Amino acid sequence: MASLVSSPFTLPNSKIVNLSSVSQKHYLLHSFLPKNLNKTNTHSSHKFKCAAIGNGLFTQTSPEVRRIVPENLKNLSTVKIVYVVLEAQYQSSLTAAVQTLNSNGQHASFQLVGYLVEELRDETTYKAFCKDLEDANIFIGSLIFVEELALKVKAAVEKERERLDAVLVFPSMPEVMRLNKLGSFSMSQLGQSKSPFFQLFKKKNKSSAGFADSMLKLVRTLPKVLKYLPSDKAQDARLYILSLQFWLGGSPDNLVNFLKMISGSYVPALKGKKIEYSEPVLYLDTGIWHPLAPCMYDDVKEYLNWYATRRDANEQLKSSNAPVIGLVLARSHIVTGDESHYVAVIMELEARGAKVIPIFSGGLDFSGPVERFFIDPITKKPMVNSVVSLTGFALVGGPARQDHPRAIEALMKLDVPYIVALPLVFQTTEEWLNSTLGLHPIQVALQVALPELDGGMEPIVFSGRDPRTGKSHALHRRVEQLCTRAIKWGELKKKTKADKKLAITVFSFPPDKGNVGTAAYLNVFSSIYSVLKDLKSDGYNVEGLPESSEALIEEIIHDKEAQFNSPNLNVVYKMGVREYQKLTPYATALEENWGKPPGNLNSDGENLLVYGKQYGNIFIGVQPTFGYEGDPMRLLFSKSASPHHGFAAYYSFVEKIFKADAVLHFGTHGSLEFMPGKQVGMSDACFPDSLIGNIPNIYYYAANNPSEATIAKRRSYANTISYLTPPAENAGLYKGLKQLGELISSYQSLKDTGRGPQIVSSIISTAKQCNLDKDVDLPEEGDEISAKERDLVVGKVYSKIMEIESRLLPCGLHVIGEPPSAMEAVATLVNIAALDRPEEGISALPSILAQTVGREIEDIYRGSDKGILRDVELLRQITEASRGAITSFVERTTNSKGQVVDVSNKLTSILGFGVNEPWVQYLSNTKFYNADREKLRVLFQFLGDCLKLVVADNELGSLKQALEGKYVEPGPGGDPIRNPKVLPTGKNIHALDPQAIPTAAALQSAKVVVDRLLERQKIDNGGKYPETVALVLWGTDNIKTYGESLAQVMWMIGVRPVADSLGRVNRVEVVSLEELGRPRVDVVVNCSGVFRDLFINQMNLLDRAVKMVAELDEPEEQNYVRKHALEQAKELGVEVREAASRIYSNASGSYSSNVNLAIENSSWNDEKQLQDMYLSRKSFAFDSDAPGVGMTEKRKIFEMALSTADATFQNLDSSEISLTDVSHYFDSDPTNLVQNLRKDGKKPSAYIADTTTANAQVRTLSETVRLDARTKLLNPKWYEGMLSSGYEGVREIEKRLTNTVGWSATSGQVDNWVYEEANTTFIQDEQMLNRLMSTNPNSFRKLLQTFLEANGRGYWETSEENIERLRQLYSEVEDKIEGVDR
């Protein structure tokens, strides 16, 4: 074996010297703030100039650097070779091979030209490629997995295939593999042929990794077998397999022999020459490689023996205490000699005292080698402390089909942190540096999103690419950071618990006194208290922990007076300016925005102040805020400001003075990850990267927010651990609404007696008192109406109150480590049961029950929406029966304390006895007694699995695993009702493969919503279709729904997504006007900053789609996209494609329109100012014709497009978040803005699609705001649930009112009674008033301020007494707070 593996891999010393000399060339390796230049400029707009050079694409290298045209002095025959590859590592090897052949000058003169597959996006380059093929002899392609480019390659090569002497395609998409041709050997039947050769190719085609591995085995053995088969076909097949061996062996020598073999066998002019070639030099398929080792090893013990005898290694490296880092390398880089970036990482780790075990594999499946080389075969324990993959690809499957479960299984066995670093693949170093987007979108999809599904973290770019030679080179500052972080994660495994230091970071949004410890759905201080108690009992040093979570709040924020400009927050450290500048190398870069330190934020004028409190080895600190929330001028800037000095000082303190081993960001979400910098693939000059420095970052994130969690993973290198949102309950009915319910049930029993009309008039007057007359057309009281009309009026009111009653609410706030009890989980299960899951063969409970009485559930939904009384009643009975059946099932699995115990065994016993099934028993007493038993059994089996997941508790467990340097199992984030796989929480949250959406199911749902939206708008708009709809795309919504809102945009303009053979969506096709049955509706799409970061591929797709539709030759009255684009092109004097820019977002590295910050901090003068913020921050367009340029400001086109909007539109997709729960929704609402931009000054209709239940609805914005107010802010069940959380609960109530004012400001769609009722509920009720005031006086003061502001800005008209009372209370609270201060 030794002779086979022995390969000349000793690295001459000179090479290492070269490395260090390279590292001194700053121009090559940039990557840090230059020491001698004027540094303030780092973040100014000059960055944008570089990006727009060249063809506007990401990849701007030219294939000409890969062209060799020799002087043919001996008049030899010419052989021209054209190749297309994914990455450039073959460039230097192939170039060297051809230069060797030409210098020998024996048989032929070889011409060579190569293309990187990404370069083919550029039309000029593609034409050059087609031209090169016209006189080529041999075509070679490898790893072509991007569909649109694969189709371009296929089209070009197909034209020339007959004429070409040889076509060789190595693992790629089937469409390209079918081009293979060597003599009589071809793959044109790939995937359908019966021949045994193809059966081998097909064998494991489920997973491309398995396919690649079986292919490698085949490559080893087949040539020997085929050698003895006489037919030409067998010999041609043999040469194909040998070619693959030569190619995978990639060294210049192997490639020389490969070219000799192919040209000698297939180029007609050389066939008679009998060109001699050597057999391939074979390297190990998998093994261990070290640049200083004498050979490759396939046994880890042998490798470690060599390591222990190294003369160049110091004692520290050989010590048994040295951290051990496992590296995963791509074999192709090693064999082609393009490995200097790997060498740099190995040398850096060793220089920092870490041992290294670098493994490689030639296939696409690294799970086997990981288990074989990193796990001790005897003890089954890991031999490494952390693992860094330098390939950038998913562990199993590389760029092709991935097998994530297989990868996770291997990584769970290994159980150490798993980092996936990135080599630049499609960009040169300079292209990446100049790009505001950072990484190429295709690389983000293949090398960031897919490894995240394996649980990979920290996508740090560690190597660049030389534009001339195509070779990789290390980016030394990035390599240093990668290695330090890998060692830090590894050290968590080695350090004792008692010595470990943890910095828990809490947030304060907006920076008001009552807001320390804000996080979505989370009772932060109770959770921290629960975590600290647990860590203490586990052996961590948590000295001086107070007796209760209330006492903890007191100690950190002193009397809850969390005001930043007063010293009432506990100051844990004062940092002098000189110390700050010494500890914070990037401090000067902040001066452009904030002046010289210390500035006036988090400072006492002399020092920078760090707020928080230390308990033993645990520090609880308050993250400073953005700092510009209260400054209307700064909020207008289109690009966000850098962090301020106080912000930077906080992280310098945590890393360099407190010396944290890890930081735990507590809850969704802070502002570190939203600081300016590249979108993905940070450089040293990006602020999130500078701030987090070298500290391992663990982040508790709400399970239903995978999109922002992903931003935290990619921009601040977080290991995100999910926590549950509070258990949902039905909103129920209260006060007048409850009375209405009682009146309706008496009407149903008495309607045929003489009392019917009398009860109806009571229903009408009560409905008016409850302000339902805005939602339901009610006759005047005293009008004579027929019995049929009476039924309809009652039916409509009934339908409305049932909608309110069954609305899901998260009640209270979640505490980490406290899973819901089984009965709390009932409402969640009822909603899980309400969805059909055809792919799993599960029918929804409502549809099973509806079928029992001979109806379809969809018809009942439609009838109920129309207010048909008997359908409303039937739907209520179905809902009640669903709740009853599920409650009876859950009761059977719980103990006396209401905890779920041993679901599996109880389920088995329940499912074992047909007669006793609790749901069957329950239904036997209802009209649904003969429901389909088999369907119910399948459903309840599934619900049993869901119940186990809902009540499982792994949030604390996963935190402890992360702190001990173990692997945290990854899992999807999203809505547990749509996707129960989100549970149990405590997983490392990931999003999804961005190229997988929208799915076919998402398109189906989208059609329903779009059709309902357009119908609704026609009714409200005198029978006319809207010409333009302005809408918003959110990151999380599209992850939860697999792209429903994305598909809505496509369906509006009349295109449909087309998936490739790997199931990825990179194309759209036009739907004909006949099939569409209506005009194409124009769109203005505002993508959230998070959507932009996660789904840049989809923005590209949408922009291509809109431009394609604008160029269709169709009548303008049938194609509003074209109509408007032509008008705008004419007015602005630009091309139609330019005028058809419709896909907008923020500038790269900026998020939100800042309207939310202005409203939360009352820092705005009038609505015009809010609209200017929206326009200045949201008018950056994505251009698919120049994707590499990133986001470009196109304000004029944006305004013109918005001015044609007849309707604005947003989606609500899950019950936990509605319009007034978060500020994002109104922050992105352009309703009043559109009215100002429209020439006729008409207000657009505003709609909200609600797909939170199986019965999707399109409501107006004002209907939705009313529904929200009734079910949350004004609902005793909701506000009592919140108040049970104490301090945090008061803040939640105040937040809902502030967000309601936000809707008044952006849309004017909030009714006066909402404010009036809120005032009655919270201010006029003395008892309530006192509770609020004593529990959190600061948030109560903000509540009073918001009421006064709503009145002052003209959104709420009320009596003078009410306003007087509010003013009086305001000064009382002020006094109380001031009094507390004295």
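Note that the structure is predicted; figures quoted are calculated from it, not measured.
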Item to check | Working for side-chain contact (heavy atoms from CB on, under 4.5 Å), residues L414 and I375 | outcome: CA-CA 6 Å; L414 182 61; I375 296 177; 3.8 Å; yes

Checklist entry - How are the rings of W247 and Y90 set to each other: parallel, tilted or perpendicular (split at 30° and 60°)? => result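 Correct class here is parallel.
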
Item to check | Mutual orientation of the aromatic rings belonging to H341 and F462 [parallel < 30°, tilted 30-60°, perpendicular > 60°] | outcome: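 It falls in the parallel class, under 30°.
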
Within the side chain of [X], is there an N or O that forms a donor-acceptor pair under 3.5 Å with the backbone of [Y]?
{"X": "H333", "Y": "E339", "answer": "no"}
{"X": "S93", "Y": "G250", "answer": "yes"}
{"X": "Q443", "Y": "V425", "answer": "yes"}
{"X": "E160", "Y": "D135", "answer": "no"}
{"X": "Q91", "Y": "K471", "answer": "no"}
{"X": "N254", "Y": "V281", "answer": "yes"}
{"X": "D454", "Y": "A407", "answer": "no"}
{"X": "Q111", "Y": "I81", "answer": "no"}
{"X": "Y277", "Y": "L259", "answer": "no"}
{"X": "R331", "Y": "L248", "answer": "yes"}

For residues [X] and [Y], determine if any side-chain heavy atom of one lies less than 4.5 Å from a side-chain heavy atom of the other.
{"X": "N257", "Y": "F246", "answer": "yes"}
{"X": "S92", "Y": "T336", "answer": "no"}
{"X": "V328", "Y": "F360", "answer": "no"}
{"X": "M296", "Y": "Y283", "answer": "yes"}
{"X": "V384", "Y": "F373", "answer": "no"}
{"X": "Y83", "Y": "V113", "answer": "no"}
{"X": "M173", "Y": "E147", "answer": "yes"}
{"X": "K127", "Y": "K131", "answer": "no"}

Check the side chains of [Y] and [X] for a donor-acceptor pair under 3.5 angstrom, ignoring hydrogens and angles.
{"X": "D365", "Y": "S367", "value": "yes"}
{"X": "N1097", "Y": "Q995", "value": "no"}
{"X": "D298", "Y": "Y303", "value": "no"}
{"X": "S184", "Y": "D236", "value": "yes"}

Checklist entry - Passes salt bridge (Lys or Arg N to Asp or Glu O under 4.0 Å), R714 versus E452? Steps please. => result CA-CA 10 Å; R714 294 178 186 175; E452 282 171 353; 2.8 Å; yes

Approximate separation, where rounding is to 0.5 Å, of [X] [atom1] and [Y] [atom2]:
{"X": "D285", "Y": "S361", "atom1": "CG", "atom2": "OG", "result": "7.0 Å"}
{"X": "L164", "Y": "L179", "atom1": "CG", "atom2": "CG", "result": "10.0 Å"}
{"X": "S463", "Y": "W432", "atom1": "OG", "atom2": "CH2", "result": "9.5 Å"}
{"X": "R67", "Y": "T95", "atom1": "CZ", "atom2": "OG1", "result": "12.5 Å"}
{"X": "N102", "Y": "L112", "atom1": "CG", "atom2": "CG", "result": "9.5 Å"}
{"X": "I357", "Y": "L327", "atom1": "CD1", "atom2": "CG", "result": "9.5 Å"}

Item to check | Reference residue D165; test side-chain contact (heavy atoms from CB on, under 4.5 Å); the match among S265, S263, P268 | outcome: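 Among S265, S263, P268, the one meeting side-chain contact (heavy atoms from CB on, under 4.5 Å) with D165 is P268.
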
Item to check | Of L86, L149, V85, the residue whose pairing with L116 passes side-chain contact (heavy atoms from CB on, under 4.5 Å) | outcome: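 Among L86, L149, V85, the one meeting side-chain contact (heavy atoms from CB on, under 4.5 Å) with L116 is V85.
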
Next on the checklist: Minimum heavy-atom separation for P441 and I1096, please, with both atom names.
Outcome noted: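 Smallest interatomic distance, heavy atoms only, reads CB-CG2, 3.3 Å.
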
Item to check | Shortest non-hydrogen contact between I262 and S243, atoms and distance | outcome: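 Closest pair (atom of I262, atom of S243, distance): CD1-OG, 3.4 Å.
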
Item to check | Trace of the side-chain contact (heavy atoms from CB on, under 4.5 Å) decision for L143 with F145 | outcome: CA-CA 6 Å; L143 291 185; F145 284 109; 3.6 Å; yes

Next on the checklist: More than 12 heavy atoms of other residues, nucleotides or ligands under 6.0 Å from OH of Y1042: yes or no?
Outcome noted: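 It does not: Y1042 OH has 12 such atoms or fewer within range.
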
Checklist entry - Do other residues, nucleotides or ligands put more than 12 heavy atoms under 6.0 Å from the CZ atom of R163? => result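 Enclosed: over 12 neighbouring heavy atoms sit under 6.0 Å from CZ of R163.
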
Is any side-chain N of the basic residue among [X] and [Y] closer than 4.0 Å to the acidic one's carboxylate O?
{"X": "K80", "Y": "D132", "answer": "yes"}
{"X": "R161", "Y": "E158", "answer": "no"}
{"X": "R406", "Y": "E371", "answer": "yes"}
{"X": "K260", "Y": "E276", "answer": "no"}
{"X": "E148", "Y": "R1104", "answer": "yes"}
{"X": "R465", "Y": "E431", "answer": "no"}

Next on the checklist: Let's go through V98 and T100 carefully: what are the C-alpha distance in whole Å and the side-chain angles of both, what is the deciding distance for side-chain contact (heavy atoms from CB on, under 4.5 Å) to 0.1 Å, and is it a yes or a no?
Outcome noted: CA-CA 5 Å; V98 167; T100 305; over 6 Å; no

Next on the checklist: Against K152, only a single residue in E123, E175, E119 fulfils salt bridge (charged side-chain N to carboxylate O under 4.0 Å, His left out); can you say which?
Outcome noted: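 Testing each of E123, E175, E119 against K152, the sole residue satisfying salt bridge (charged side-chain N to carboxylate O under 4.0 Å, His left out) is E123.
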
Next on the checklist: Before you tell me yes or no, could you show the steps for W289 and Y297 under ring-ring contact (aromatic ring centres under 6.0 Å, His included), namely the whole-Å CA-CA distance, both residues' side-chain angles and the distance that decides it to 0.1 Å?
Outcome noted: CA-CA 7 Å; W289 169 83; Y297 294 94; over 10 Å; no

Item to check | Evaluation steps, side-chain contact (heavy atoms from CB on, under 4.5 Å), between L450 and F393 | outcome: CA-CA 7 Å; L450 294 175; F393 286 117; over 6 Å; no

